[in-house]
Amino acid sequence: MSRDHLPSAERSADSVEAPFLGLLARGATADAYEQPVLLARAEGLSDRRVAALEQAKLLALRVRTEMEGRRRREAELSALFETAHDLAGLRDLDAVLRAIVQRARSLLGTDIAYLSLNDAARGDTYMRVTEGSVAARFQQLRLGMGEGLGGLVAQTARPYVTDDYFKDERFQHTRTIDAGVQDEGLVAILGVPLMTGPQVIGVLFAADRRARVFEREQIALLGSFAALAAAAIDTANALTETRSALDRLGRANEIIRDRSAAIERASDVHDRLAELVLRGGGVHDVAAAVSEILDGTVEFTEPGGTPPTAVEAARAGGHAVRHGDDWVAAVAAGGELLGALVLRGHPGLDPVDQRTLERAAMVTSLLLLARRSASEAEQRVRGELLDDLLDARDRDPGLLRVRAARLHADLDGPHVVLAARLDAVTADAGQEAGARRRLWSAASHLAATRQGLAATRDGGTVLLLPLGPGDTATTLARRTAKELGTAVQEAVTVGASAPVDRLAAHPEAVAAAYTEGQRCLEALRLLGRAGDGAAAEDFGFLGLLLAGDRDISGFVGRTIGGVVAYDERRGTDLLRTLDAYFACGMSPARTKDALHVHVNTVAQRLERVGRLLGDDWQSPARILEIQLALRLHRLSSDGQR
């Protein structure tokens, strides 16, 4: 019979260690070591046998504890070695600090680990890295020196541990810190200082959300991680200073090279700018060329587009001035400011490059003066053509088309004539003349960009603008009033004619349309709508008096067209009901007698009218327009019979 088949009571005493060796081999839990003893007692083995098993169990547990301690120390040493290795190859300080905090949390088996650094400027300490944190307020905490456990560690340069944070009175509690700790749910906290020499630069923490006693070995381990973190920070600071010194040396070398290159560039600048002007380049071409020369971004800004203090300083001194990280050179001619050249994000400008920017500003002013002269010439040509359309009705249509084509205008398409005038009138004749010039300049620019014409007339400005798709005379008038008002920074009132077309063949229509636009302009001013834009169709029945063509059918359609169409489509008597309602003094009771219908029928018809004409159809102004439209509709209907 084999040894395994002998009764339990007959097994030799030297086999008592065997089950415990198996447990040690497979790394069983401490509870599992009770099983062989319990089994022996259950089998009724002798007391001697049970005692031997008990002693073997104690030895095995001691061996297990020793093995676990060795494994833990190996893991700790391995983590410290890996951290030291990370530190030796330091590239990213944040990554190294995160690794330290993560490993500390893992080895100590805590719910959370975090690291704070001292802020010498503010005299406090702030969170730098957290691992396992879930509360935003906790992650943004700042602790004053001596406040909270971390502030006490930072102040005293000694480790502190608390088993229950909120019951511990050894450190100063504050509402802000306690609220953050409470949000995170922390109870037990261990903090050790980060030291560089005798100076504390921060604190490394490990914390649990339950009561816990931190052992001496765990405090020592966290201290080792803190030493590595401090070394990482010190190394990173040293690297930063070294890199900064190298950068400064590099910049010094670059300045030396740039100065020699700047002398060569300066000799090329004049030739490049002169060539650019000769081949017909514009302002933005100059800016692009100077951007390339100065290796930066140069922009031309209109007057008001650059801080006025910088522009005035550059203009007064005749040199480019620095404004923040930018350089500003005024573009001026005589006493007039035309704009500025701005070199963006280039604070370190040497004298040679500064003179290059100033020379470019001078070239830009010459180009602007030349462009202004050409623009003024084009404006005069546009004004002369519009003057001829307004005054000379016997012009040759073919010649008018040719002149318009040179200005990229098409006189055969639909146009609107707009009369524009400044609302404000000043006692100072000089100021008023200046305002009118600004209005004329803005109107001319608008006409040039819209392929239209503009001229000065009757103390204001007249424009002939094409009617775009989806536009009406009203929308064009309002948009023009807004654009001109914005350009001159004053209220501009604009009256518009009805659309006219084929103007080359019928130039007399321009004068009639201008008269209609003037009437609308005066109507706007009389109605207190200065600064607005409108056409005759916007004035209700007054539009019949303002419009040159007396568009009666258009007025009727705009006023009661919905009711007319409803009657024609449904065969109803809404128009007759409206006539009777007004004839009976707007009394539904008398209206039902006149129509020989029930009063409810009258009420239903009037309700339908309200839905078709709008809720305000019985307001005094609307009543007047509706009654006039009813009468005109009746007259036109009688005339067609």
Side-chain angles (χ1 to χ4, degrees), residues 72 75-76 79-80 83 93-119 122-195 200-230 232-233:
R72 184 173 63 252
E76 293 170 356
L80 289 172
T83 304
L93 176 61
D94 285 336
V96 174
L97 294 180
R98 280 195 298 271
I100 289 172
V101 172
Q102 289 168 357
R103 289 164 185 163
R105 179 193 178 202
S106 175
L107 288 175
L108 269 67
T110 55
D111 296 325
I112 178 173
Y114 50 102
L115 183 148
S116 67
L117 292 181
N118 291 359
D119 187 337
R122 296 181 55 169
D124 63 4
T125 181
Y126 65 94
M127 293 292 185
R128 176 66 181 268
V129 181
T130 64
E131 175 68 20
S133 173
V134 295
R137 179 159 53 176
F138 179 80
Q139 296 166 14
Q140 298 168 4
L141 274 180
R142 298 188 75 98
L143 294 74
M145 292 301 180
E147 295 179 355
L149 184 143
L152 186 59
V153 173
Q155 185 181 49
T156 62
R158 293 174 53 195
Y160 274 87
V161 61
T162 177
D163 300 338
D164 193 331
Y165 174 86
F166 289 100
K167 294 181 180 179
D168 200 328
E169 300 297 334
R170 291 177 300 162
F171 43 83
Q172 179 183 349
H173 288 265
T174 68
R175 181 179 300 176
T176 302
I177 298 173
D178 286 358
V181 173
Q182 190 169 20
D183 283 357
E184 196 63 59
L186 300 182
V187 177
I189 304 176
L190 165 62
V192 296
L194 278 66
M195 308 282 293
V200 179
I201 62 172
V203 181
L204 179 61
F205 299 87
D208 259 341
R209 297 187 174 92
R210 63 187 184 281
R212 168 178 177 169
V213 176
F214 288 96
E215 299 174 358
R216 186 185 304 275
E217 293 81 3
Q218 293 173 323
I219 297 174
L221 176 61
L222 194 63
S224 299
F225 276 114
L228 290 174
I233 294 169

Checklist line | Smallest separation among heavy atoms of Arg105 and Ala113, with atom names | finding: CB-CB, 3.6 Å
Check: Under 4.5 Å between any side-chain heavy atoms of Thr110 and Phe214, yes or no?
Finding: yes
Note to self: Between Arg128 and Asp94, does any side-chain N to carboxylate O distance fall below 4.0 Å?
What the structure shows: yes
Note to self: When you compare the side chain of Leu190 with that of Leu222, does any pair of heavy atoms fall below 4.5 Å?
What the structure shows: yes
Item checked: Minimal non-hydrogen separation, Pro193 against Pro159, with atom names -> CD-N, 3.8 Å
Notebook entry, point to check: How far apart are the closest heavy atoms of Ala206 and Leu108, and which atoms are they?
Noted result: CB-CD2, 3.8 Å
Notebook entry, point to check: Do any N or O atoms from the side chain of Asp111 and from the backbone of Arg209 form a donor-acceptor pair under 3.5 angstrom?
Noted result: yes
Item checked: Closest approach of Ser133 to Phe138 (non-hydrogen atoms, all atoms of both residues) -> OG-CD2, 3.7 Å
Note to self: Between Leu186 and Asp208, is there a side-chain heavy-atom distance shorter than 4.5 Å?
What the structure shows: no
Check: Where does the angle between the aromatic ring planes of Phe205 and Tyr114 fall among parallel (under 30°), tilted (30 to 60°) and perpendicular (over 60°)?
Finding: parallel
Next item on the list: Check the angle between the aromatic planes of His173 and Tyr165 and answer parallel, tilted or perpendicular using the 30° and 60° thresholds.
Entry: perpendicular
Notebook entry, point to check: So, the side chain of Gln218 versus the backbone of Glu215: is there a donor-acceptor pair under 3.5 Å, distance only?
Noted result: yes
Checklist line | Pairwise side-chain contact, Thr162 with Arg170, heavy-atom cut-off 4.5 Å (strictly under) | finding: yes
Notebook entry, point to check: CD1 of Ile233 to CD1 of Ile201: how many Å apart, nearest 0.5 Å?
Noted result: 4.0 Å
Check: Would Arg142 and Arg122 satisfy side-chain contact (heavy atoms from CB on, under 4.5 Å), going step by step from the backbone distance to the final call?
Finding: CA-CA 10 Å; Arg142 298 188 75 98; Arg122 296 181 55 169; 3.4 Å; yes
Item checked: Between OG1 on residue Thr176 and CD on residue Gln140, distance to nearest 0.5 Å -> 12.5 Å
Margin query: If you define the side chain from C-beta out and look only at heavy atoms, does anything of Leu194 sit under 4.5 Å from Val200?
Written below: no
Next item on the list: Would you check if the side chain of Ser116 reaches a backbone N or O of Thr125 as a donor-acceptor pair within less than 3.5 Å?
Entry: no
Next item on the list: Using only heavy-atom distances, determine whether the side chains of Asn118 and Tyr126 contain a donor-acceptor pair under 3.5 Å.
Entry: no
Check: Is the shortest distance from a Lys or Arg side-chain nitrogen in Glu184 or Arg137 to a carboxylate oxygen in the other one below 4.0 Å?
Finding: no
Item checked: Distance-only donor-acceptor check, side chains Thr130 and Gln139, under 3.5 Å -> no
Notebook entry, point to check: Closest approach of Asp183 and Ala135, non-hydrogen atoms and distance?
Noted result: CB-CB, 3.7 Å
Check: Quick one: which of Ile189, Val203, Asp168 gives a side-chain contact (heavy atoms from CB on, under 4.5 Å) with Leu149?
Finding: Ile189
Checklist line | Spacing of Leu97 atom CG and Leu115 atom CG [to the nearest 0.5 Å] | finding: 5.5 Å
Notebook entry, point to check: Can you pull the side-chain hydrogen bond (donor to acceptor under 3.5 Å, both in side chains) pairs that have at least one residue in residues 145-157, sequence neighbours excluded?
Noted result: none
Notebook entry, point to check: Between CD1 of Ile112 and CD of Glu131, what distance do you get to the nearest 0.5 Å?
Noted result: 9.0 Å
